[in-house]
**Student:** 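Just passing along the structure, written as structure tokens.
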Amino acid sequence: MNLESVLFYVFAAVSVAASIFVVSSKSPVISALSLIVNFASLAGVYLTLYAQFIAVVQVIVYAGAIMVLFLFVIMLIKPESDLGILHGHKPFKLLTITVGLIVLAQLIFIIVSGKPSTTLTGNSASVEIGTVEKIGWELMTNYLLPFEAIGFLLLAASIGAMVLAKKKFE
Amino acid sequence: MIPVEHYLFLSAFMFITGVIGVVTRRNAIVVFMSIELMLNSANLTFVAFSSYLGNITGQLVVFFVMAVAAAEAAVGLAIIIAIFRNKLTVNLDEINILKW
């Protein structure tokens with residue numbers, strides 16, 4: 001059991017616990033904070049995959065920007081009267097959870113019954129592809145058009161968000 | 001070395017948790033957060049396979065997914081605020097203006 005495996009299992013356990021808290025906690029604020037914990041530990045999981053750039057972007061964009069947006073909106077709107085996971089339609093929700101667990105068992109069965117994985121194809125290859133340099137090079141050459149398109153999309157989304165949040169509907 | 005299956009187990013678990021959250025929770029914001037959870041589980045699968053196959057495309061897809069998720073969060077939360085202004089609630093059972 002080397003350090004890498006220990007780190008992976010610790011981060012995985014934290015993200016599993018946090019994702020359960022997101023869904024099951026009654027207060028939206030606690031859900032949002034658990035989601036931040038989940039995203040941060042996912043960044044750690046990305047690091048065990050040698051995806052450095054993605055890990056940093058995960059912390060900055062997800063755990064930083066998006067979750068701040070969520071927390072602002074939670075603070076802006078009235079706190080709901082308590083709506084836990086089993087609030088109302090209880091048989092239906094228990095059925096949902098059962099079906100979800102069955103689907104999870106099926107997914108695990110499929111993953112297990114697949115061809116046994118080989119481990120990393122030599123660490124050096126994986127270490128190389130995760131760097132900022134390599135990803136930036138790809139974005140500026142082979143993926144230039146999608147990169148520009150995503151910039152346009154973000155511009156349109158920010159304008160749309162401002163317009164939607166500013167005025168009242170009729 | 002950690003086998004790639006373990007990443008897939010984590011990803012499958014997070015995805016199912018997100019699905020259960022979307023179907024059972026009735027607070028629009030929590031539903032939204034569950035959707036983010038599902039997006040992240042897909043991202044984890046992409047990065048795991050990208051790293052294990054030594055192919056950079058998966059990580060680029062994750063980059064684009066993150067940008068789209070940021071746009072989606074901005075617009076979605078703006079819609080939630082607009083609905084809250086109108087109906088004074090974010091309970092999805094009471095928001096039925098598109099039903100007839």
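Quantities reported herein were computed from a predicted structural model and do not represent experimental measurements. A, B, ... follow the sequence lines: proteins, then strands. Residue 1 opens every chain.
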**Student:** Among V19(B), V30(B), L60(B), T57(B), who wins on heavy-atom pairs under 4.5 Å with chain A?
**Tutor:** L60(B)
**Student:** When you measure from the side chain of S51(B) to the backbone of L49(A), do you find a donor-acceptor pair of N or O atoms at a distance under 3.5 Å?
**Tutor:** yes
**Student:** Heavy-atom pairs under 4.5 Å with chain B - which of L139(A), V103(A), V57(A) has more of them than the others?
**Tutor:** L139(A)
**Student:** Checking I81(B) against chain A: side chain, backbone, both or neither under 4.5 Å from a heavy atom?
**Tutor:** side chain
**Student:** Sort F147(A) into side chain, backbone, both or neither according to what part of it lies under 4.5 angstrom from a heavy atom of chain B.
**Tutor:** both
**Student:** Please step through side-chain contact (heavy atoms from CB on, under 4.5 Å) for the pair I66(A) and M66(B), ending with a clear verdict.
**Tutor:** CA-CA 10 Å; I66(A) 292 183; M66(B) 279 177 180; over 6 Å; no
**Student:** Going by the rule ring pair (Phe, Tyr, Trp, His ring centres under 6.0 Å), which residues pair with Y9(A) if we only count those two or more places apart in sequence or in a different chain?
**Tutor:** H6(B)
**Student:** In terms of heavy-atom pairs under 4.5 Å with chain B, which of S19(A), A157(A), G100(A) leads?
**Tutor:** S19(A)
**Student:** Heavy-atom distance under 4.5 Å to chain B: side chain of L42(A), backbone, both or neither?
**Tutor:** side chain
**Student:** With a sphere of 6.0 Å drawn around CZ of F11(A), does it hold more than 12 non-hydrogen atoms of other residues, nucleotides or ligands?
**Tutor:** yes
**Student:** By a 4.5 Å heavy-atom criterion (distance strictly below it), what part of L107(A) contacts chain B: side chain, backbone, both, or neither?
**Tutor:** side chain
**Student:** Step by step, work out the side-chain hydrogen bond (donor to acceptor under 3.5 Å, both in side chains) result for Q58(A) and N40(B).
**Tutor:** CA-CA 9 Å; Q58(A) 170 90 6; N40(B) 264 279; 3.0 Å; yes
**Student:** What pair of heavy atoms forms the shortest contact from R25(B) to V22(A), and how long is it?
**Tutor:** NH1-O, 4.0 Å
**Student:** Check each of L37(B), L10(B), L44(B) against S15(A) using the side-chain contact (heavy atoms from CB on, under 4.5 Å) test, and report the only one that passes.
**Tutor:** L10(B)
**Student:** Of the backbone (N, CA, C, O) and the side chain (C-beta and beyond), which part of A32(A) lies under 4.5 Å from a heavy atom of chain B, both, or neither?
**Tutor:** both
**Student:** On a heavy-atom basis, which atom in G21(B) and which in V23(A) lie closest, and how many Å separate them?
**Tutor:** CA-CG1, 3.6 Å
**Student:** Measuring only between side-chain heavy atoms, which start at C-beta, is E5(B) closer than 4.5 Å to V112(A)?
**Tutor:** no
**Student:** Which bit of I150(A) is near chain B, if near means a heavy-atom gap under 4.5 Å: side chain, backbone, both or neither?
**Tutor:** side chain
**Student:** Verify the cluster assignment for F39(A) and V59(A): are they in a single hydrophobic cluster under the rule of side-chain heavy atoms below 4.5 Å apart?
**Tutor:** no
**Student:** For the residue pair M14(B) and N38(A), establish whether any side-chain heavy-atom pair is separated by less than 4.5 Å.
**Tutor:** yes
**Student:** Set out, in order, the CA-CA distance, both residues' side-chain angles and the distance that settles side-chain contact (heavy atoms from CB on, under 4.5 Å) for V23(B) and F92(A), then state yes or no.
**Tutor:** CA-CA 10 Å; V23(B) 180; F92(A) 168 72; 4.1 Å; yes
**Student:** Looking at A161(A) and A78(B), what are the two nearest heavy atoms and their distance?
**Tutor:** O-CB, 3.5 Å
**Student:** Testing V29(A), L71(A), I77(A) for side-chain contact (heavy atoms from CB on, under 4.5 Å) with I29(B), which one passes?
**Tutor:** I77(A)
**Student:** Taking every non-hydrogen pair under 4.5 Å, which of S34(B), G18(B), A12(B) racks up the most with chain A?
**Tutor:** A12(B)
**Student:** Would you say I36(A) and I30(A) are hydrophobically clustered, going by side-chain heavy atoms of ILVMFWY under 4.5 Å?
**Tutor:** no
**Student:** Taking all non-hydrogen atoms of both residues, which atom of M33(B) and which atom of P28(A) are closest, and how far apart?
**Tutor:** CE-O, 3.7 Å
**Student:** Between A65(A) and chain B, which part of the residue has a heavy atom less than 4.5 Å away: side chain, backbone, both or neither?
**Tutor:** neither
**Student:** Given a strict heavy-atom distance threshold of 4.5 Å, which part of F32(B) is in contact with chain A: side chain, backbone, both, or neither?
**Tutor:** both
**Student:** For residues T24(B) and K93(A), report the shortest heavy-atom separation together with the two atoms involved.
**Tutor:** O-NZ, 2.7 Å
**Student:** Rounded to the nearest 0.5 Å, what's the gap from CD1 on I111(A) to CG on L8(B)? Could you check?
**Tutor:** 4.5 Å
**Student:** Contact part of N43(B) toward chain A, heavy-atom cut-off under 4.5 Å: side chain, backbone, both or neither?
**Tutor:** both
**Student:** Would you say V68(B) and F70(A) are hydrophobically clustered, going by side-chain heavy atoms of ILVMFWY under 4.5 Å?
**Tutor:** yes
**Student:** What's the shortest heavy-atom distance between Q59(B) and A51(A), and which atoms?
**Tutor:** NE2-CB, 3.6 Å
**Student:** Determine, using the 4.5 Å side-chain heavy-atom cutoff (strictly less than), whether I35(B) and F21(A) are members of one ILVMFWY cluster.
**Tutor:** no
**Student:** For chain B, find which of I135(A), N142(A), V61(A) contributes the most heavy-atom pairs closer than 4.5 angstrom.
**Tutor:** I135(A)
**Student:** Is M67(A) reachable from F72(A) through a run of I, L, V, M, F, W or Y residues, each pair having side-chain heavy atoms under 4.5 Å apart?
**Tutor:** no
**Student:** Examine whether an atom of L35(A) lies under 4.5 Å from a heavy atom of chain B, and if so say whether it belongs to the side chain, the backbone or both; otherwise answer neither.
**Tutor:** side chain
**Student:** Apply side-chain contact (heavy atoms from CB on, under 4.5 Å) to residues I20(A) and F13(B) and explain how you reach the verdict.
**Tutor:** CA-CA 10 Å; I20(A) 291 173; F13(B) 182 86; 3.7 Å; yes
**Student:** Side chain, backbone, both or neither: which part of Y62(A) has a non-hydrogen atom closer than 4.5 Å to chain B?
**Tutor:** side chain
**Student:** Apply side-chain hydrogen bond (donor to acceptor under 3.5 Å, both in side chains) to the pair Y7(B) and T48(A), showing each step before the final yes or no.
**Tutor:** CA-CA 10 Å; Y7(B) 293 99; T48(A) 67; 2.9 Å; yes
**Student:** Between V31(B) and chain A, which part of the residue has a heavy atom less than 4.5 Å away: side chain, backbone, both or neither?
**Tutor:** neither
**Student:** Side-chain contact test, heavy atoms from C-beta onward, threshold under 4.5 Å: evaluate it for F64(B) versus Y143(A) and give yes or no.
**Tutor:** yes
